[in-house]
Every structure is written in structure tokens, then in C-alpha cells.
There are 2 protein chains.
Amino acid sequence: MIKAPTIKDIAKRLNISISTVSRALRNASEVNPETRQAVLKLAEEINYQPNQLALSLLHKQTHSIGVIVPNLDYVLSMMVKGIDEVALEAGYTVMVCQSNESYGREIVNTRRLMESLVDGFIISISSETKLVDHFKKIQDQKKPIVIFDRLPTDLAAPKIRLDNEDGGFQATQHLIEQGYKRIAVLAGPDTLDISNKRVDGYLKALKHNNMRVQKDLIIHCDFDQDYAYFATKELLGMKKRPDAIFTISDRMAIGAMLAIKEKGLQMPNDIGLVGFNNEPVTKLLTPAISSVDQPAFEIGKAAAKVFIEMMNSDIDMTSREIVLKPKLFIRESSQRLLHTVVK
Amino acid sequence: MIKAPTIKDIAKRLNISISTVSRALRNASEVNPETRQAVLKLAEEINYQPNQLALSLLHKQTHSIGVIVPNLDYVLSMMVKGIDEVALEAGYTVMVCQSNESYGREIVNTRRLMESLVDGFIISISSETKLVDHFKKIQDQKKPIVIFDRLPTDLAAPKIRLDNEDGGFQATQHLIEQGYKRIAVLAGPDTLDISNKRVDGYLKALKHNNMRVQKDLIIHCDFDQDYAYFATKELLGMKKRPDAIFTISDRMAIGAMLAIKEKGLQMPNDIGLVGFNNEPVTKLLTPAISSVDQPAFEIGKAAAKVFIEMMNSDIDMTSREIVLKPKLFIRESSQRLLHTVVK
DNA sequence: AGCGTTACCGGAAACGTTCTCGGAAGCCAT
DNA sequence: ATGGCTTCCGAGAACGTTTCCGGTAACGCT
């Protein structure tokens, strides 16, 4: 590895001082035009690139953002794309790390990014994460944190999130309007806040319609297709089986669908199904699955915007909370009344 | 922003020199045990963290890898996961940037990552990229580059890739064995090497079976679902329509499937369909779509391993090329002979 | 002739760390 | 007591850059 040319090399070769070279390069004041020309020419010639590490050391800024996400599924990768868009525009580079839903991995990632000296963090926590000491350490170093999508409960930081309760409400309300009477919900682990909020919306809708809550219709299982498949099999095996299922992710909806088909039930007549996230795949399945869409790209953009704002001002934003609204897309899996407005 | 404590602060408070503090912290040789204890204690107390920026400046290493990918679809995000796995293990942090299939964006990302002073790059090029001058600039600075998946033709760097030709061959050979006679191929833009290689495999299979190549059955269109849909509609409108379609991505297979269904044709009897990538969605569709699986995670891991190797040794690896094998998964969309071995 | 002004430039500190070099004690043996 | 060895420690350079502070000419004005 041959060393990159530095300002010093230029100075030496032109027999002028380092300071003058620096001034010439960043066309600050008071440099002889000829000198400047010579410097610029030589810089071009030897392909001089300023060493950002030295600059960062001087300015205590690296212009990079550490982004930690539990995975890169459809929704989160859309969010990251949103973050990327805004960050790039503002001159920041984004470092994305996946915690793989692991608390330990999240800690490692946090430390690594700290060591890489990112200027701050935009974080969505893993499903395992209960303690946030590793994030508080970041704040001890006075680096800004923005949290989005999956929020820890006790971290003082601006939050960008979906109105998950409203999403759960819309889905359930829709099923009720379609005449379903025994609506089950397939939730994620009960430690996962976004899941619980969606269940809250479900409960709210039942209450809103004076329907009784049945504990055995609320199932918590792991956040993925296979678990949803088995959970659904159990649900369908009940003496009084549910006539509709709301799953808090599309992955789970797919698992549920497989179990439903296996059982020989027809959607939407025998049973209704609504998922969450509005992944493109929902349109493609037979039947197409209704799903609650979230503005993932916008959430990412909003998070990055708040981050930039934090970097550029000293006002306290830790209590800022931005909540974006979801929107239900009704498809074949849950639409049995024809007069429903199709969007 | 209050400044983080430095080694200097410790030195001052203990009335010892900076050098001694440095030695005490990195338990190098020859420090009075008492002094060391005092230093460690104070460091712990004020939560001292070494400034990696200063270290990087000193050692000219940041221990981070810039990864540039055209997008984060299923396959690439698996590959990135593979890179992440190996890199983390080796003490590197990964910075992922998406070029969004844009040449301009790719250049910007490259520059940004260079400025962030990553130690090197692992790159999959955008579909627009023809020139690689921006990558050669990296190499001018003596930073290692590993390229994977989508390879530029004229860059001297180690390459990790799938045997795309073999994938195309397997898919086509399978269709031929199933008795299909007029096999069309839906390819990506003809600038895209991985697409062309898959088509080469298709041609090879035809030749291998003494079948005639028909130019009008080879369609180049954009790499996504909608274009594939329209292209398929055209194909099916031909006087002598194809009786099978091999698409070089699952996204395109889905587009083709929609057109096929719209036309009222049945898979696999009226028409056969094979996709590429083996995305999970292929299993879920009706009919389930046959698809060529690629070991994406392994490709990512291999790329990162080669990168680490490059960092740790000076031997020239620019001519190294690792080729991984794809594997066809046969499903309903193309299996009309029952004696076919199902995997 | 002396002074102030202008235009240009160099020295050096600073950012936080490591590392080489050498120096100051203390000790032992002669 | 002198030499040499060990043990500990400090000074200072180095990494690449910016920027403050000051200095030196040349020039014009009184």
C-alpha cells in the first residue's frame, strides 16, 4: 500500500508552506492566483484527495449515521431506503447493521458503530431487547439517537412510528363490518411493542362494536410464517373455531393461509384473513390477502429528517414523537360483501 | 456536545505523562502496577473511550468495509447478510449503500464511502454501469475491491459469482425434459451480464438437445414484474405461441404468471414456467413456481472472506474467481411428467 | 524618509493517540 | 565510589488538516 498524496507533498514539491496549500485548495482568502493555480494543477496531477480522517479528527464529525435494524425484511428495507435518501441529500453516509433480532448482536453492533465514530444513530430495536443501557451509553457520549418503528419504552429520544393501534383497529373494524363474528388475532411475542399495539387496536375495535373479547382467540407466537402456520392449525381445530383471523404481519398471514387451505376452508366465505405491511406478495396470492399498509419509506425519511435536525440544532427533541397513519387495503381474503368500497 | 474524556485528561488529573497513561491502558511493558491501577480506575470512572478516529489516522485503517449494491432485494440482502456475518467476525464494520440501479448514484456512493475512509470495497454493480473509472480510482488509492454477483467486465479484482450459465442450462434442460418444445426466455436488459449468462445457458441447452434457436422467443425487457407481464402478453399473442417460459428472475416469473393466468392458460399443462432466485414467494403462489436457487448467503460470505484475505496479505488476488453452483427447484409450474425426481 | 496599508505567506498549535528514544533514579557488584 | 543494569517514566515526533497569529515585502501617501 503506497501512501496517498498529502497536502504536505504538494507543499514540498512547490516549495511553499503547508498553510498556503491548504488555503489555495479551499479557495479561502489571500492567495496569489499563480500560486493557487500551481497548487490546483499539481493537486489534480497527483490526484490529491483530502484525508477525511484528519478532518474528522479536527472537527469531531464524521458525517456518518449508524443505522441498526433487527432485519432487512420488506418493511425495514423500505424504511432504510427512506433514511438513505434523506441522509445522502444532507451529506451523510449511512452505515446499516442488522441485529438479527438478537440483543447480543445489537450490543455488538452498537459498540462497533460507536467505534467507527458515527455522529449518531437511527435505531429500530430487536425483538429481544428489553434493556437499553447500550443506547444510554451512546447518549452519555452526547451523540444523538433517533428511534423508529420498534421503540424501546424507556429511552429519551425522538420517536418515529406507525400508529399501530389504528392499524389493528382498521383491520378488525373491517372484519367486523364484513360480518365476521369470531375474530382471532395472531400476534407476535408479547414483548414486542408494535405487536401489542396492533392487538390493542383489535381490542378497541371489538369494544367499539360491543363484542366480547375471547382470550383464547388471541395467540402470541413467533413473528414468522411457520409458527403462524401451526398456531392457525390449532385455532382451526377448536370446537368453535374463529371465522376470521387478523395477523400482525403478512408473513404470518401467509402461514395462516397455508393452514386454512390445508383445512379446506374458503376465504373469504368460510373464514376472513387480514395481514399487516401490505407486502407486494399479498396481491399475488390466491386469494389476494387484505393487508394494512404502512408508509415505510416515509417513516424512514422522517426519522432521518429528525436526525439531521438534531445534528444542526441544540434544542431538546427527546420528547418529539411523530406518528404516521396506516391504511387498510382490502382484497379477496376478507371481502365478502360486495358493496364495500374497493380502493 | 460536551467533549469526551481523553487520555490527556487522565494524565493531567494524575499528574503523569500522556505516554504513561497510554502504556497503562494498553498494558504494554514497564508500568508501575500502582500507576496502572490508578489509571485504569480513573479511566473506568470517567468512562474513557479511546478515540478511534485518532487511531485510524495513526494506523491508516478504519476497519470498515464499503458495500455497494444496486438494491436490497431478496437475493442481494441475503448476500449482504453473508458479508455482514463474516465481516463482523473479523472485526470489520460494514457500510451498505444502495445505488438504486443508477450509475450516477453509484458514483456518489463510491465517493462518499471513500471519504468515510473505508478500508476497501465489496461491490455489485448497477445495471446501468458500463464504465468503471470510479472503481479504478479506488484502486489507484491502493484500496482493495472485491466484486460479486454482478461483475463489470474490465476491472481487475477478485470475483465471486454464481454460475449463471449453468442456472440457465438447468432451467432450460428441465423444461425440455418435460417435453416443452417452444421455450421462450424473458431476459433482462442486454447490458446485464448475469442475464446474458443465463440466456447463454438457455442457448446451450437448446443446442445440447439439437433444438432450433428462435430469435423471437428471446425477449429482453426491464428487470421487473410489470415489464415481464407485458412482454409475456405479447409472447402469448404470437401466432405460434411458446409453450414454456424461462424468466431470469422470480419477479419476472410473477409478471409472466399474471399474464398467463389472464390469458386463461394452465400451468404446467398449457405452458411451463421456471423462474430464477428461488424466492420464498415462489412456493406460495398457485401454482408454485419452479425456480433456480442460488446460494446467496454463501456468495456473500465468500466475498467477505476474500476481502479479509486481501487485507491481510499482499499477494495479488485480482485474478481469483470463485464460482458457486445454482440448483433448480422443481415445482408445479413446470412439472407435468410425474416421474421427475422431486427435490 | 518614514509610515500605514495591502497582499501574500509561513510557523505553529490543535485534534487524540502511539511509539521511539532517552533519561532518571535505584540497586548490586566490584 | 564507580560502573552497569533494571525499572519506570517523560518528551516529542508522527498521522493530515485547518486556522490563528504574525511576518515580510512592495507600494503609495504624506
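In what follows, chains carry the letters A, B, and so on, assigned in the order in which the sequence lines appear, proteins first and then strands, with residues in each chain numbered from 1.
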Measure the distance from NZ on A:Lys12 to C1' on C:dC9 and round it to the nearest whole Å.
-> 19 Å
Should the pair B:Arg150-B:Glu101 be classified as a salt bridge under the 4.0 Å nitrogen-to-oxygen rule?
-> yes
Between B:Lys159 and B:Leu155 the two heavy atoms that sit nearest each other are NZ-O, 3.2 Å
In whole angstrom, what separates A:Ile10's CD1 from C:dG10's P?
-> 14 Å
Please work out whether the ring planes of A:His63 and A:Tyr92 are parallel, tilted or perpendicular, with thresholds of 30° and 60°.
-> tilted
Please give, in whole Å, the distance from C:dC8 C1' to A:Ile16 CD1?
-> 11 Å
Outer limits of DNA chain D sitting under 4.0 Å from a non-hydrogen atom of chain A, read 5' to 3', are D:dC15 to D:dC20
Short side-chain N/O contact to C:dC9 OP1/OP2 from A:Thr20, under 4.0 Å = no
Could you say whether B:Ser17 or A:Val21 is positioned toward the 5' end of DNA chain D, judged by the nucleotide with the nearest heavy atom to each?
-> B:Ser17
Want to settle it: does A:Ser19 or B:Thr35 sit nearer the 5' end of DNA chain D, counting the closest nucleotide to each?
-> B:Thr35
Scan B:Leu57 against the nucleic acid and name what it touches under 4.0 Å (heavy atoms): base, sugar-phosphate only, or nothing.
-> base
Between CG of B:Leu25 and C1' of C:dT18 the distance, given in whole Å, is 12 Å
Atom CG of B:Leu53 and atom P of C:dC15 are separated, to the nearest Å, by 14 Å
Describe the nucleic acid contact of A:Pro33 in one word from base, sugar-phosphate, nothing, applying a heavy-atom distance below 4.0 Å.
-> sugar-phosphate
Would you classify B:Ile18 as touching base, sugar-phosphate or nothing, given that sugar-phosphate means primed atoms plus P, OP1 and OP2, and contacts are heavy atoms under 4.0 Å?
-> base
B:Tyr103 versus B:Ser126, closest heavy-atom pair with distance | N-OG, 3.8 Å
Report yes if a side-chain nitrogen or oxygen of A:Lys60 is closer than 4.0 Å to either non-bridging phosphate oxygen (OP1 or OP2) of C:dA14; otherwise report no.
-> no
Gap between atoms NE2 and P, on B:His59 and C:dG16 respectively (whole Å) | 17 Å
In whole angstrom, give the distance that lies between atom CZ of B:Arg23 and atom P of C:dT20.
-> 11 Å
Would you tabulate the side-chain donor-acceptor contacts of residues 301-309 of chain A under 3.5 Å, counting partners in other chains and residues two or more places apart, or write 'none'?
unit_1, atom_1, unit_2, atom_2, d
A:Glu309, OE2, A:Arg320, NH2, 3.2

Carboxylate-amine/guanidinium contact B:Arg105 B:Glu128, below 4.0 Å | no
Could you tell me whether the side chain of A:Thr129 and the main chain of A:Ile125 form a donor-acceptor pair under 3.5 Å?
-> no
Hey, does B:Leu58 reach any base, or is it just sugar-phosphate, or nothing, if we go heavy atoms under 4.0 Å?
-> base
Taking CG from B:Asn32 and P from C:dG26, how many angstroms apart are they, rounded to a whole number?
-> 13 Å
